[in-house]
K.L.:
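Dumping the structure here so I can ask a few things about it.
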Amino acid sequence: MSDFPALLPVYARADIHFERGEGAYLYDDKGQRYLDFVMGIAVASLGHCHPVLVEALKKQTETLWATSNLYKSHGGQRLAERLVALTFADTVFFQNSGVEAWDTGIKIIRKYFSHKGQPNRTRIISFQGCFHGRSMTAIAASKTEKMVGGFGPLVDCFDQVSYGDIDAVRAAITPDTAAIMVEPILGEGGMKVASTEFLQVLRTLCDEQGLLLYFDEIQCGMGRTGKFFAHEYAGVMPDVMCIAKALGNGFPIGACLATAHAAQGMTAGTHGSTYGGNPLAMAVGNAVLDVMTQPDFLPHVTRLGDYFEHVLLDVIAKHPQIFSELRGRGLIRGLVCIVPNTDIVAALQNEKLLTVAASGNVVRLLPPLIATEAQIDEAIAILHLVAEKYVAQKMEKAS
Ligand SMILES: *Cc1c(COP(=O)(O)O)cnc(C)c1O
């Protein structure tokens with residue numbers, strides 16, 4: 001036996017073993033309680049082990065696990081129809097993860113143009129700081145050295161420009177451009193929110209030039225902003241959109257949504273998946289929508305998001321040596337740090353508040369959407385405490 005780690009060491013994992021989750025809290029193997037503002041990175045949005053989801057999954061495990069997409073599925077049909085009713089989309093394909101759902105969108109775009117007799121149109125405009133997953137194609141879109149280093153050759157079809165830069169997008173469009181692909185809120189890239197104007201201009205450019213607009217709402221979608229999808233704030237609809245994360249709340253699922261027009265080339269046999277749309281995932285997805293479509297669900301997220309913004313701005317105002325800027329919307333927030341963000345994430349974790357770093361020296365805060373004001377207050381108290389301790393320690397070192 002070699003002493004190479006049994007788990008491939010591609011993560012620098014924190015030395016905590018979580019054993020149980022309940023609502024906004026996680027419990028480790030020493031019985032210590034953590035307030036979770038990571039939630040599996042915007043996954044368990046309804047809180048850990050939400051009773052409605054637990055019940056739906058339990059029931060399904062005793063009924064049916066696997067049939068294959070060779071056969072019709074009541075659960076899949078129902079979830080697809082519900083997503084169609086809630087969005088711009090006419091059609092949905094289910095996958096097992098975010099990156100698979102994203103990749104399906106790329107295939108839909110490619111097929112659309114080849115079907116239309118424009119097979120040269122294969123290039124996609126992407127944005128600096130974008131994150132779409134870790135498949136070979138998704139890392140090619142990201143272009144960061146950390147993600148692509150050593151993995152070449154990569155598919156060469158992404159033209160990257162600066163996030164929010166309309167002139168750069170215009171300049172990047174060529175006769176070979178097929179689509180513009182954007183996260184309405186840049187997740188891993190640092191919680192930047194696309195302006196309404198930016199998304200509107202992208203839509204106009206796509207319409208004028210016959211391009212498809214592709215949104216990745218894997219992180220910012222599913223109620224996190226207070227609307228079902230973040231792009232609804234801009235009133236701009238895409239042609240294709242991928243979602244995942246909170247659609248399953250921890251059960252692996254992804255979905256690619258498209259208009260009938262964009263999906264016209266996708267006929268029987270052009271795409272597939274063994275596990276995508278399996279009965280377990282469909283049962284959970286439908287249960288997630290049961291909870292999220294309750295009339296008070298999104299208004300609660302909006303109210304709590306406004307409160308969160310108010311108290312986070314106060315944290316920045318009180319600790320200008322630590323934090324410089326608040327980003328995000330609703331319950332998807334980022335604090336831009338002046339000191340190293342990883343120091344702050346580690347210090348918060350020591351005080352039993354879980355957060356996650358994002359690029360651009362940001363600390364990401366992703367509370368569960370079912371959180372209470374008291375739980376927000378609990379997190380804010382820890383943020384104040386950590387900021388005070390950090391400043392005190394610095395002064396001690398200096399003296
Ligand atoms: C997490 C994420 C993905 C990738 O999802 P996986 O399930 O990890 O493959 C893609 N896009 C965005 C915006 C994400 O946040």
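Positions are given from 1, in the same order as the sequence printed here. As the structure lists them, so they are numbered: ligands from 1, and atoms in each ligand from 1.
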K.L.:
Kindly determine whether F198 and F127 satisfy ring pair (Phe, Tyr, Trp, His ring centres under 6.0 Å), including the steps that lead there.
P.N.:
CA-CA 13 Å; F198 180 58; F127 292 92; 5.6 Å; yes
K.L.:
Each residue besides I139 in its hydrophobic cluster should be listed here, by chain and number; the cluster joins Ile, Leu, Val, Met, Phe, Trp and Tyr at side-chain heavy-atom distances under 4.5 Å.
P.N.:
F131, M136, M147, V148, F151, L154
K.L.:
Run the side-chain donor-acceptor check on residues 226-234: report pairs under 3.5 Å with partners two or more places apart or on a different chain.
P.N.:
residue	atom	partner	partner atom	Å
H231	ND1	E217	OE2	2.7
E232	OE2	F229	N	3.0
Y233	OH	T225	O	2.7

K.L.:
Would you check ligand 1 and list the protein residues that come within less than 4.0 Å of it by any heavy atom, ordered by chain and number?
P.N.:
S97, G98, V99, F131, H132, G133, E183, D216, I218, Q219, K245
K.L.:
I'd like a table of donor-acceptor pairs (distance under 3.5 Å, sequence neighbours excluded) in which one partner is a side-chain atom from residues 6-24, with atom names and distances.
P.N.:
residue	atom	partner	partner atom	Å
R20	NH1	E22	OE1	3.2

K.L.:
Test ring pair (Phe, Tyr, Trp, His ring centres under 6.0 Å) on F93 and H271; report intermediate values, then the result.
P.N.:
CA-CA 9 Å; F93 190 76; H271 190 52; 5.0 Å; yes
K.L.:
Please determine whether a side-chain nitrogen of the Lys or Arg among R364 and E188 lies less than 4.0 Å from a carboxylate oxygen of the Asp or Glu.
P.N.:
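So R364 pairs with E188 through a salt bridge.
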